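It should be emphasised that the depicted structure is a prediction, and the values quoted were computed from it without experimental measurement.
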Amino acid sequence: MPHVNVTIAGKSYRMACGPGEEDHLAALAKSFDDRVTEMRGTFGEIGDMRLHVMASLTLADELHEARRRIADLERGAAQGAAEQARLAGGVGVAAERIDRLARALSGQSVGPSGGKGEQGRE
């Protein structure tokens, strides 16, 4: 199992990961370290553990919000698909009616104008 050395808040940690995940783990650790550094700049030296907890909660909140937005988008997509299916059904019904009307009109007997249709009437 591969290992990656990461640095968070000036401390190094040796972390195990799956094969091929080394760069991803390093990027996650850098992102977390950046968040801790941001928190330290905002709140000052309030202790590493507290900064880590605050950074973790901030990231958890962002994850929660992202999941909520994804769920909202998925619901919207499902509703859109249902509406599209409903509209497609309506178009199909309209197409059938138009087809029946076209057949009825083409099958009409010759009218009083001697077969000339509306154009022959004056």
Discussion item. I'd like to check Glu21 versus Pro2 (side-chain heavy atoms, cut-off strictly below 4.5 Å). Are they in contact?
Written reply: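 No, too far: nothing below the 4.5 Å cut-off.
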Worksheet item: Does some side-chain heavy atom of Met54 sit less than 4.5 Å from a side-chain heavy atom of Ile46?
Response: yes
Could you see if [X] belongs to whatever hydrophobic cluster contains [Y]? Use Ile, Leu, Val, Met, Phe, Trp, Tyr and a side-chain cutoff under 4.5 Å.
{"X": "Ile98", "Y": "Leu105", "value": "no"}
{"X": "Met39", "Y": "Leu59", "value": "yes"}
{"X": "Leu28", "Y": "Phe32", "value": "no"}

Worksheet entry | Any donor-acceptor pair under 3.5 Å from Glu22 side chain to Gly20 backbone | yes
Worksheet item: Checking Thr37 side chain against Asp33 main chain: does a donor-acceptor pair fall under 3.5 Å?
Response: yes
Distance from [X] atom [atom1] to [Y] atom [atom2], nearest 0.5 Å?
{"X": "Cys17", "Y": "His3", "atom1": "SG", "atom2": "NE2", "answer": "8.0 Å"}
{"X": "Arg100", "Y": "Arg97", "atom1": "CZ", "atom2": "CZ", "answer": "7.0 Å"}
{"X": "Leu51", "Y": "Ile8", "atom1": "CG", "atom2": "CD1", "answer": "12.5 Å"}
{"X": "Arg35", "Y": "Thr58", "atom1": "CZ", "atom2": "OG1", "answer": "6.0 Å"}
{"X": "Leu63", "Y": "Leu57", "atom1": "CG", "atom2": "CG", "answer": "12.0 Å"}

Discussion item. Take a 6.0 Å sphere around CD of Gln84 and say whether it holds more than 12 heavy atoms from other residues, nucleotides or ligands.
Written reply: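 No, because the 6.0 Å sphere around CD of Gln84 holds 12 heavy atoms or fewer from other groups.
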Worksheet entry | Heavy-atom neighbours of Arg14 CZ exceed 12 at 6.0 Å |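 Result for CZ/Arg14: open.
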Fill in: Cationic N near anionic O, under 4.0 Å, Asp72 to Arg75
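Result for this pair is yes, salt bridge flagged.
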Practice prompt. Not counting sequence neighbours, which residues clear salt bridge (charged side-chain N to carboxylate O under 4.0 Å, His left out) with Asp23? List them please.
Written response: none
Practice prompt. Please name the pair of heavy atoms, one in Ala16 and one in Leu25, separated by the smallest distance, quoted to 0.1 Å.
Written response: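 Looking at all heavy atoms of both residues, the shortest contact is O-CD2, 4.1 Å.
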